[in-house]
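The basis for the numbers below is simple: all heavy atoms, side chains too, and nothing from hydrogens, waters or symmetry mates.
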Amino acid sequence: MNATDNAFILICSALVMFMTPGLALFYGGLVRNKNVLSTLMHSFVLLGLASIVWAVIGYSLSFGTDFGGIIGGFDFAFLNNVGPGVENSPAGNLPHLTFMIFQCMFAVITPALISGAFAERIKFSGFMIFTTLWIIFVYSPMCHWVWGGGWMGEMGALDFAGGAVVHMSSAAAALACAIMLGKRKGHGREAFIPHNLPMTILGAGILWFGWFGFNAGSALAADGLAANAFVTTHMATAAGLLSWIAAEWLHGGKATTLGAASGAVAGLVAITPAAGFVTPMPAIIIGLGAGVICYGGIMLKNRFGYDDALDVVGIHGVGGTWGALATGVFASVNAEGLLAGHANQLWIQFVSVVATWVFCFIMTAILFKIVDALVGMRPSEEDEVRGLDVSQHSETGYQL
Amino acid sequence: MNATDNAFILICSALVMFMTPGLALFYGGLVRNKNVLSTLMHSFVLLGLASIVWAVIGYSLSFGTDFGGIIGGFDFAFLNNVGPGVENSPAGNLPHLTFMIFQCMFAVITPALISGAFAERIKFSGFMIFTTLWIIFVYSPMCHWVWGGGWMGEMGALDFAGGAVVHMSSAAAALACAIMLGKRKGHGREAFIPHNLPMTILGAGILWFGWFGFNAGSALAADGLAANAFVTTHMATAAGLLSWIAAEWLHGGKATTLGAASGAVAGLVAITPAAGFVTPMPAIIIGLGAGVICYGGIMLKNRFGYDDALDVVGIHGVGGTWGALATGVFASVNAEGLLAGHANQLWIQFVSVVATWVFCFIMTAILFKIVDALVGMRPSEEDEVRGLDVSQHSETGYQL
Amino acid sequence: MNATDNAFILICSALVMFMTPGLALFYGGLVRNKNVLSTLMHSFVLLGLASIVWAVIGYSLSFGTDFGGIIGGFDFAFLNNVGPGVENSPAGNLPHLTFMIFQCMFAVITPALISGAFAERIKFSGFMIFTTLWIIFVYSPMCHWVWGGGWMGEMGALDFAGGAVVHMSSAAAALACAIMLGKRKGHGREAFIPHNLPMTILGAGILWFGWFGFNAGSALAADGLAANAFVTTHMATAAGLLSWIAAEWLHGGKATTLGAASGAVAGLVAITPAAGFVTPMPAIIIGLGAGVICYGGIMLKNRFGYDDALDVVGIHGVGGTWGALATGVFASVNAEGLLAGHANQLWIQFVSVVATWVFCFIMTAILFKIVDALVGMRPSEEDEVRGLDVSQHSETGYQL
Amino acid sequence: MKKIEVITRTFKLDDVKIALTDLGVKGMTVTEVKGFGRQGGHKEVYRGAEYQVDFVPKIKIELVVEDERVAELVDAVRDAAFTGNVGDGKIFVSPMDEVVRIRTGETGDEAI
Amino acid sequence: MKKIEVITRTFKLDDVKIALTDLGVKGMTVTEVKGFGRQGGHKEVYRGAEYQVDFVPKIKIELVVEDERVAELVDAVRDAAFTGNVGDGKIFVSPMDEVVRIRTGETGDEAI
Amino acid sequence: MKKIEVITRTFKLDDVKIALTDLGVKGMTVTEVKGFGRQGGHKEVYRGAEYQVDFVPKIKIELVVEDERVAELVDAVRDAAFTGNVGDGKIFVSPMDEVVRIRTGETGDEAI
Ligand SMILES: Nc1ncnc2c1ncn2[C@@H]1O[C@H](COP(=O)(O)OP(=O)(O)O)[C@@H](O)[C@H]1O
Ligand SMILES: Nc1ncnc2c1ncn2[C@@H]1O[C@H](COP(=O)(O)OP(=O)(O)O)[C@@H](O)[C@H]1O
Ligand SMILES: Nc1ncnc2c1ncn2[C@@H]1O[C@H](COP(=O)(O)OP(=O)(O)O)[C@@H](O)[C@H]1O
């Protein structure tokens, strides 16, 4: 065991854990007052639910002995054979428990990301069951495919910290959910204005902070690669922030704070698959692209008419896809992309993108149907109008 | 000196420090609007006050040369003999200053925990004097007994990161304060509803994040034990969150966000004494127990009629006690509990629990009486009705 | 490369990054409702803008090959020659990228500090251009002078983590901006009351937390010096908090939460230049001094009649100056100050203080004039009265 | 002149505003209020303690109009705010002696 | 019909509501307001700058009632809101020409 | 007795309050409201979606006064609230039947 790497990855795990409350705030500020707690809860409760599902079965399906490149076995179920030493650890330098908990934090935030799509109109009971199934049947396979010895990683797809596993998967799920759940009541007639933008800015700040653990930690060691991933992450995010507000400024006449926060997240998303494979200047290009492309991405929902409440598809889907493809273009560290003469890498990336979208979309739709049949996914109209805080949780956010 | 351990514990110290602003928010969101600043202040000001008391005398009383197992000497007063090298350091791998500052953060948050009990009805001057005395006469002895070479540690009581030192001690103090201060004006007639639950959720998120430093850092090294403590902490917290909302759901029909936050804190409290002594699956059991038991614990105040405003007794007292006993049951790492065939350990834990409650309750009651006689602990009725923000601090929280 | 130091400084970099959202909240809570987003944005957008400017040119000007002690060359422009190995790294133990990104975070927060002076009355376009120029023409030279091999460092001026580079420079700029921009409309007639003090307290908590990365990280290694800087930082901050509220209590009759937050920041500022050069007890003295002196410092604006909206001069200017001089008095670690018999050090400190104030004030005034001529710095009266959130960003902070 | 006061659902604000401006109304004033009525409230639970909340968020729209326009405007408001469910709210009409426009000093119908 | 307006202490809201519903009142509307009066305000201090705050949080309860119930209800409100200390507030009674229930179109006493 | 209602700019609250207290007014009640009028609103944009916000923050000041003081007070308010720009707001005067001071039970002019 390498104590330095252990220290580094434990701290990184804490940072990634902190992203989920950060996401809760990021999303929570964007909804209306009457749904703030429900939206916070969709993220916060996953720190509980997803962690336990991960310990019980998810980790094992992801990193247990590979079956045909498709799924892991049950060897690590209930954290069996996962100890404080390096035995069985997928990362030989790290205690197995350290590797497991770092990955756990990814399994927590990924389903939380989806919740932006169905915000303000989902039953809490349905949400809990759906998410449990989703971690088992969508997240764990995806994670296995890419990082657990599955076919996508074997094919040579590059995904440093989760462009496919985290962002495209959640965005594909978000799209399915948004379509199947239908639009929020009043959509198109009432103004759905963020109720607390400072909360969203704080959330974005926490996300940025925690994302250093996400991306630099994905080096799984405190080496030069971690330093590189740290820097590319920061620079792409900075660039995404700037290019989004520049696009707004040119397009609508004003740079907005929500645009700055959104652009930063777009940059973070886009650099995620690339962080360890590109150098800082290409990272800036990826970030600049992310800001503009995702600004376009959020317009898609108006075009296609689904109600992706908090733009999961527009930011994580479009940004993650852009990042995955850009990795195939700009990769030059420990891998070689198009510009380094390997067009093939771009093709591999393309295949992984398509496979991810298709698999996650279809599986999510199936799970959604099942849970909808079991307990119902959408609250009654009256419950939705009163707000989910009161109707689902018997609470209200503020008494100011 | 081990540089890796030093790096790890310094970062852990920062994480523990961050818990106190987190606690401020956790508590601050639960009170009424007119007391939000006062409640924030009760935690925030201790970052100043408790740190200085610690440097001047508290650290020395806790970790100075032992006198009869009861208290430490004055050798480290004013941080004398506490330097950047390992000389005199209770942890030979760490600079003495590093060990001291890590412990300092515990001395800050412990008295801050008490403040939940007397929220909304205490004079600031009384609070300041009381807390100073409490650190010297209650916290420092407790800390010495358990970690500084005192009788409780010698007896073999297991307390990995402060079940007795931090949680039971503050809860016993909370109980004494709540009883002696009496109920808030309007208690039982007016609705005391949390004024800002998103603030409380954020606080819970920060607490969870910082608690990794608290528990994993208590390994005092970046080793497998730290990894184990990190994982048990996370899993117990996750389990506590889930079992609290499950209990609510069954009992009252709804899972609440405040319940999720409370259950998480209950899990964190309960795993604190156990984190380095149990493996992850028992940690989940401890967490599941904590959520349910503390949910019951918060009902005690209605039964016994004291006004423990923010449920310090119900969560930290009940949860800490449960965790201390559970450590005696489940210990299997570097110690052996009931299930490993050592019933005696459970008995030792029981003795330490009783001693902690009795000592801290009585000492707190004495200090309270003294300060009450000196400057008075309760503000005038008019001051309480106007709110402590205006009456104690000449400020108001919001101009929204 | 030293992996432990790399791990430590990467985490410290993340902590310093987090200070900027913290500062955004600290400032954001102090303005009026209608300017909250604009104020948050002044900090948040710099995470984007300043980082890119730093990568493109700022880092190179600061740490590139020295020209006459005045400025660095273009060798590191566009992060050329800045790689994941230690080649060219100013810190031989760290990957060059790690050193660069740690410094980057300082270049982000320094201009953000200035924004407290012109809050509530600046055009966003003017702000963006001004800040870009300021990083290039003020921050980068200052940074080079002190840490990049320039004359101030060569002269022997002690500035551990940025008393001159960060705090005095931004305060001098703040003073120039406050004077040249003029007072806010309604100044002296309307009450300018903080709209959300809990936000400010949270911001102060985050600043304190992140500042451990700032100061301990400035040791550039996870050694005893880092431990010392960590402890002096914490103790001075604690002392600053206490002495500010003590001063208030004696002066106005009440200790305020804003006072506690302000005193903590004053302590943080004052210890910044000294953190690695003094031992903990002198650090407490520096902190005690900071609280009282800065409490006096904020009164200066009334005396001299400039509208330094959020007291950048009073806290960062006065506190930074006090800290720089106190370093010359109390230095005893790796340097010797007045009390160690080297009066000369105090003289050197004094020269560096004067040079910093004069250079930064004049350069800022020039840049301000230029940008004011180009695009105008002050919004129309109507825009200012409506609030910058609506007029500059087409958003409002809250829909509560 | 008369004052028309409308208490209705918050999300009906825009509809009512449009109905009124369509009829040429040039000004109105809106307040966020909490209503108690037949509609009933809801239960809230904080750490096991139940509270009955009887007040529902509503908005109050006030406008002062010429006497002769009252009937027409009341009808327009009714149409715009109507959903048919309990909680639609009330329209109150009360007398108004005088109106002054601060900017011009105009009074009476001129000032509306 | 008359409108009764009560301005009183915020924590008296529940007591007043109960007193009114006990007498059969079916609806009322509440607004958070700030009151200036004999009660006086307080001082606030931000970074050494003192501000005198003259306004105290109060609530306003409005209800429209049948003419003949005014006296009885005013008495009930007075009893419920009374503490005897400065700042208890005021009850205002003013004329009301017409009431319409949006949901049903009922008018007059029927609509209350 | 009459009720004077003033709707004006938020930052004029202090000026109006001082003008009134200078004339011996002992009490008033203030509400934060949103005004729609000739002044016009502004545009807001969230992730590319534009919203027109027609309502502007205003304050409403209500005070009940003796009949004979109305003219004088309305003039004082007008002076204090006047800026000359669109959006200065309105003063409304309406009849008031009765006033009761909760603390003392006084009624009529005594209770003001
Ligand atoms: N007598 C009344 N005086 C003042 N406001 C009333 C009165 N009755 C009802 N309201 C207001 O009208 C709202 C709607 O009334 P409610 O009885 O719930 O439904 P409906 O108007 O459909 O009968 C209430 O929430 C309250 O704000
Ligand atoms: N003339 C008035 N017009 C309108 N509101 C008033 C008037 N006088 C008092 N109020 C309101 O009544 C509240 C209580 O009045 P105050 O003079 O403080 O106490 P009391 O009613 O016990 O004499 C004030 O805060 C204000 O909101
Ligand atoms: N007829 C009306 N009834 C009620 N309130 C009105 C009316 N007309 C205007 N107001 C209020 O007065 C405010 C100022 O009116 P506006 O037309 O903008 O400017 P001005 O009063 O200078 O003509 C509005 O924002 C609104 O709150």
(message) With a 4.5 angstrom heavy-atom cut-off, is it the side chain or the backbone of C:T396 that approaches chain A, or both, or neither?
(response) backbone
(request) Check whether C:P84 gets within reach of chain A through its side chain, its backbone, both or neither, counting any heavy atom under 4.5 Å. (result) both
(message) Report which part of C:M1 has an atom under 4.5 Å of a heavy atom belonging to chain A: side chain, backbone, both, or neither.
(response) side chain
(message) Shorter than 4.5 Å, heavy atoms on both sides: which option in A:N196, A:N33, A:L242 has the most such pairs with chain C?
(response) A:L242
(message) Do C:V265 and C:F26 have side chains that approach each other closer than 4.5 Å (heavy atoms only, starting at C-beta)?
(response) yes
(message) Just so I understand: if I count every heavy-atom pair under 4.5 Å between each of A:L241, A:T257, A:T4 and chain C, which residue has the most?
(response) A:T257
(message) For C:S43, which atoms come within 4.5 Å of any heavy atom of chain A: side chain, backbone, both, or neither?
(response) neither
(request) Answer with side chain, backbone, both or neither: which region of C:V45 has an atom nearer than 4.5 Å to a non-hydrogen atom of chain A? (result) both
(request) Answer yes if the ring centres of C:F124 and C:H393 are under 6.0 angstrom apart, and no otherwise. (result) yes
(request) Please examine the side chains of C:S391 and C:L388, heavy atoms only from C-beta on, and report whether any two atoms are closer than 4.5 Å. (result) yes
(request) Under 4.5 Å heavy-atom distance to chain C, tell me which part of A:W249 shows up: side chain, backbone, both or neither. (result) side chain
(message) Quick check on the interface: out of A:G263, A:G259, A:A255, who has the most heavy-atom pairs with chain C under 4.5 Å?
(response) A:A255
(message) Looking only at heavy atoms and a cut-off of under 4.5 Å, which of C:N6, C:V86, C:T98 has the most pairs with chain A?
(response) C:N6
(request) Give, as side chain, backbone, both or neither, the part of C:L202 having an atom under 4.5 angstrom from any heavy atom of chain A. (result) side chain
(message) Please classify the contact between A:M281 and chain C as side chain, backbone, both or neither, with a heavy-atom cut-off of under 4.5 Å.
(response) side chain
(message) With a 4.0 Å cut-off on N to O distance, would you call C:E384 and C:K34 a salt bridge?
(response) no
(request) Please examine the side chains of C:V56 and A:I284, heavy atoms only from C-beta on, and report whether any two atoms are closer than 4.5 Å. (result) no
(message) Heavy-atom cut-off 4.5 Å, strictly under: side chain, backbone, both or neither for C:L400 against chain A?
(response) both
(request) Let me know if A:L258 has heavy atoms under 4.5 Å from chain C in its side chain, its backbone, both or neither. (result) both
(request) Answer with yes or no after comparing the ring centroid distance for A:F106 and A:F214 against a 6.0 Å cut-off, counting only values under it. (result) yes
(message) Counting heavy-atom pairs under 4.5 Å with chain A, which one of C:H96, C:Q392, C:M128 comes out on top?
(response) C:Q392
(request) May I ask you to check whether C:S38 and C:D389 show a side-chain donor-acceptor distance below 3.5 Å? (result) no
(message) Between A:K254 and C:E395 (side chain of the first, backbone of the second, donor and acceptor by atom type, cut-off under 3.5 Å), is there such a pair?
(response) no
(request) Indicate the ring-plane relationship of A:Y295 and A:W244, choosing parallel, tilted or perpendicular according to the 30° and 60° boundaries. (result) perpendicular
(message) Can you confirm whether C:Y27 sits close enough to C:L113 that some side-chain heavy atom of one is under 4.5 Å from a side-chain heavy atom of the other?
(response) yes
(message) With a 4.5 angstrom heavy-atom cut-off, is it the side chain or the backbone of C:L40 that approaches chain A, or both, or neither?
(response) side chain
(message) Quick check on A:A226 against chain C: is it the side chain, the backbone, both or neither that has a heavy atom closer than 4.5 Å?
(response) both
